[in-house]
Amino acid sequence: MSRATISGEPDAFLIDLTKCTGCRGCMVACKQWNQLPAEETDFFSGEGYQNPKEMSENTYTVIKFREFEKNGHSIFSFYKEMCMHCDDPACVSVCPVNAFHKTPEGPVIYDAKVCIGCRFCMIGCPFDVPKYEWSKKLPLVRKCDGCYSRIKADLKPACVTACPSAMEYGPRSQMVQIAEERLKRHPDHYINTIYGKDEAGGTSVLYLSSEPYEELRFPSVPERPLPSYTWPALRLVPGIFATVVTGLTALTLFNHRKERLERERNKEKEAEQQRTVQAEEDKS
Amino acid sequence: MTNHWIDIQHSDVIMCIGSNPAENHPVSFKYIDKAKDNGGKLISVDPRFTRTSAKADMYAQLRPGTDIAFLGGMINYVLNNDLIHKEYVVNYTNAAFLISDDFEFNEGLFSGFDKGSSSYSKESWAYQKDENGMILRDDNLKDPRCVYQLMKKHYSRYTPEKVCDITGTDLNNYLQLVKTFCSTGRPDKSATIMYAMGTTQHTVGTQNVRSYAMLQLLLGNVGIAGGGINALRGESNVQGSTDYAILYHILPGYLKVPTHTNTDLQAYLKKWTPTTDDPQSANWWGNTPKYMVSLLKAYWGEAATAENDFCYDYLPKRSGNYSYIKLMERLQLGGFEGLINMGTNPIVGGPDVQQIAKGLDKLKWMVSVDLWETETSVFWRRPGADPKTIDTEVFLLPAASSIEKEGSISNSGRWAQWRYQAIKPVGDAKSDAAMLDMWVKELKKLYAEDGVFPGPITDLAWDYGHEEEPDIDKVARECNGFFTRDTEVKGKRFKKGEQVPSFAYLKDDGSTVSGNWLYCGSYTEKGNMMKRRGLEDPGGMGAYHNWSWCWPVNRRILYNRASVDLDGKSFNQQKPVISWNRATRKWEGDVPDGGWPPMNEPGTKSPFIMIPEGYGRLFAAGLADGPFPEHYEPVESPVDNCMTAQQCNPAAMIPADFFSDSDKYPYVGSTYRVTEHWQAGAMTRNLPWLVELVPDMFVEIGTTLAKAKGLKNGDMATITSARGAIEARVLVTPRIKPLVVSGKTVEQVGMIWHFGFNGLAKGSSANVLTAAVGDANTGIPESKAFLCDIRKGGMKS
């Protein structure tokens, strides 16, 4: 039984940046769960200890560091960037092959098998989340899927589990309530806004911060759901739309068939190896 | 820790000084956050503005190595403004005790200093006593010879202005911070101090900790919920390894290692068993004979009898100082034939590592036991070394990681928690215990054949099974201890082989075995207490007495009998640790520090039971470098000591040929860790996911120094000290600011010490630059304050 079916509403992440110490346990936990390769980095790629520079096909979440002076005081802040899992996601609405969808549990997931690599989602996303597999010959799009496989197994997302202090996960209304209580209890400690509550029509990732969001370089996003902007525009170009979709779908299906065959061959090989090892162990 | 991690949530004020928990103990922030949510204030005192500082309500910068000045000013503030918790100070500390008329402090030296040996004789630091041996006291704290008055005089010199002139702290920041922290002298308020290596790695390291203890005693903050002085241990089981004698001068359970003058057991026990004439003192170390004999029985079992002094003669007797620096000096002189490194990487982690590496060249053989190929394990491959000239035979044994073996692990809060094996060791890897078991078995065989003095080895009670992995359960049972024969202790009968229920039942007649008296109670007839995972918390204070087990006797907060008034009522009714139930005549709450009735009743005992006089020591005569902490400059400092003419700690461990040059090396260097890497780096610099986050050796400098040196962010720079040179990428940051010290601007150069020449991510080792000078009491190296220079370009440029 998944979490959403228990609570009856989508779950959300609450990320309290006043409690984030920038330890980056979330980043490593994400790579571990999703088995993503490390990126090659050189020194630091931003302020403070920032690395990698931004989200990518191999990095679904990144802590952005900011360090600057304000009123004679040092500010050293950390902001976790990840898919916002919008309630009404632009990526879902622009995807010509319905690769993306918003699950009742909260996460916005996608089906890589269907993806044709058209990158409309990358253009549509106001948070710059979906990333392209530039390193591959026939690239697809990648992003945080809110650890949907974990959610289905009634586990919390990997990053939430690793975080010692700053992240909560649960029914969205409950997360909003916790956030509002914190704002009420410590008004001088926070900017009086829950980022994500209304942004882009509401998201499943909510933030609290002591620094103005624009100073942390959060994107400024309208409160109206994004599909209401993107769909009217895309709808007007059905010809292009159809051509792109058909062409890329064919290419993708062909490519994926090759990959699938390869995977099956590998699996077969592994199984064979395992049988051999087992046989040897049995002998000894 | 006097307290424990979960207890931090009860603090009204948390001061992190010499520690950076956000980066090095991230999980502790769960409890720091809880404290903050409840209105607590977090103070960060650090030379750099760290990830901890970023979360703090108050931040104060201080120059590395000036903690005593910083704390001395706080003590002065508390005394001047009468902010002490008076009931606590008079009744539970030695503030009222009278000190010998011979004690004095002049020009940076306490009485009794001998220049020739650079050490103190401590006769003049003694308490005044009456003819019955009772310490004289003045409970009005008015007598000029009482500790309170001597302390007041000593710290009156630490005015805020003087302090900030030494530390470089902004005066207003300092005053605000002091006021906040010192507001917790109220009985219903608490403050805690969280410290780590930033405190201890100084030639005044021990006295730094002492100054924290004094401040906390004055404010009545020791023994209470949310209080204490809490050492944040740098490895998951440092507490455990210290409890089990990793240091050269202690045996398990902090028993003393015998010295060559302790010629037999009687002489040893006479020397190291403290006595008291005060019937109100529990003088817990008076039990030393029971603990020592039980330990000897654990070592030599059946062979240890009353007739042969329980094989005391088998114990090696030390005739000198075997601390890390001294051992490394001896290594460099060719004083060792072989060396075994188990989970240690001395040519990255030690001080002045180039010299240590040269010492390794002189070894005949070396064994490294580790998860990875450490720099030390391939020392002959280091830059600048010629392998052809090195004859050392080197063995690298693959070790099992913590998740590949079973056993106990003791955290900073003294909780011994049992861990289970998650997966079998990879490849040929074995646990440390398995390797030791094999070695000892082989040694026993060899000594039995033709050993010169075989007894200590062949008589060893070593019976942990015949499997490849020793029976770790049996080890744990022995550490707790058992009865060697049917016997009666304190009216209770025990059978031979029965587990000893607690150290109160240990005996000095050979009827009990205990591998570590402090852990007696961890594995009783009820089973392995360290395996418990009970989530009950009846008092709601986060003590979780049924979760694992903590030493001593599952007491979660040490010195907790100082958390109550003379009637046994908690000073803070909202957050009681223990309280006396007058109806049942029993303590409730945590396991009390002894079950005696409150101080107002007959038969009571003073609360600081580990100290022979029973009172918290504001004046501590046991230390090598003075009974009061006094500010001295680090051995390498850019300024003169403006407190006295005595520049450095006169009793510090400084080699005779040590030299330093503040003109050539004008900047204050310090080393530290970041979240992303661990210690000497072998475990993290080989993991791609962590290398991705921090791929390079880097040095942090402020914008003014960067400008002066023409350095930009990401540039390569060379950093030099009197010991050597390293190169590192430069992180220019506004978070490091120059300090104004005695009117002089002092720039800081901060660097991580995780890097070495081997592994996936390679880089220079910061410890090439640090000096092998040590603390007067412990010999810990002064890694946190030294002098260096920095210039643009790598070492080859």
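Atom set for the values below is all heavy atoms of this structure, side chains included, hydrogens, waters and symmetry mates excluded. Within every chain, numbering begins at 1; the chains are lettered A, B, ... in the order of the sequence lines, protein sequences first and strands thereafter. Note that the structure is a prediction, hence the values are computed from the model and not measured.
- Here the straight-line distance linking atom SG of A/Cys30 with atom CH2 of B/Trp689 works out to 10.0 Å at 0.5 Å rounding.
- For the pair B/Glu692 and A/Lys31, the minimum side-chain heavy-atom distance is below 4.5 Å.
- Neither the backbone nor the side chain of B/Ser28 comes within less than 4.5 Å of any heavy atom of chain A.
- Counting heavy-atom pairs under 4.5 Å between each of A/Ser165, A/Ser74, A/Ala166 and chain B puts A/Ser74 at the top.
- Counting all heavy atoms, side chain and backbone alike, A/Thr21 lies closest to B/Lys55 at CG2-CG, 4.2 Å.
- Here A/Phe65 contributes atom CZ and B/Arg51 contributes atom CZ; the two are 4.5 Å apart, rounded to the nearest 0.5 Å.
- Looking at A/Leu36, only its backbone comes within 4.5 Å of chain B, counting heavy atoms on both sides.
- Note: B/Leu693 leads B/Leu687, B/Val27, B/Ile32, B/Leu693 in heavy-atom pairs under 4.5 Å with chain A.
- In this structure, B/Ala22 and A/Cys23 approach most closely via the heavy-atom pair O-CB, 4.4 Å.
- Heavy atoms of A/Ser45 lying under 4.5 Å from chain B are absent altogether.
- Looking only at side-chain heavy atoms (C-beta outward), A/Phe43 and B/Asn713 come within less than 4.5 Å of each other.
- Contacts with chain A were tallied for B/Lys737, B/Lys36, B/Glu23; B/Lys737 has the most, counting heavy-atom pairs under 4.5 Å.
- Contacts between B/Phe49 and chain A at a heavy-atom distance below 4.5 Å involve backbone atoms as well as side-chain atoms.
- Atom NZ of A/Lys184 sits in a sparse spot, with 12 or fewer heavy atoms from other residues, nucleotides or ligands closer than 6.0 Å.
- Scanning both residues, B/Pro688 and A/Ala38, for their nearest heavy atoms gives O-CB, 3.3 Å.
- In this structure, chain B has heavy atoms under 4.5 Å from both the backbone and the side chain of A/Asp42.
- Residues B/Thr675 and A/Arg24 have side chains not in contact (no heavy-atom distance under 4.5 Å, counting atoms from C-beta outward).
- The most heavy-atom pairs under 4.5 Å with chain A, out of B/Pro695, B/Ser53, B/Ala54, come from B/Pro695.
- At a 4.5 Å heavy-atom cutoff, A/Glu40 makes no contact with chain B through either its backbone or its side chain.
- We find the NZ-NZ distance between B/Lys30 and A/Lys19 to be 12.0 Å, quoted to the nearest 0.5 Å.
- A salt bridge is defined here as a Lys NZ or Arg NE, NH1 or NH2 lying under 4.0 Å from an Asp or Glu carboxylate O, and A/Arg185 with B/Asp37 fails to meet this definition.
- Taking 4.5 Å as the limit, every side-chain heavy atom of A/Phe76 sits out of range of all side-chain heavy atoms of B/Arg48.
- With a 4.5 Å cut-off on non-hydrogen atoms, A/Gln50 does not touch chain B at all.
- Annotation: side chain of A/Val28 is in contact with side chain of B/Leu690 (closest heavy-atom distance under 4.5 Å).
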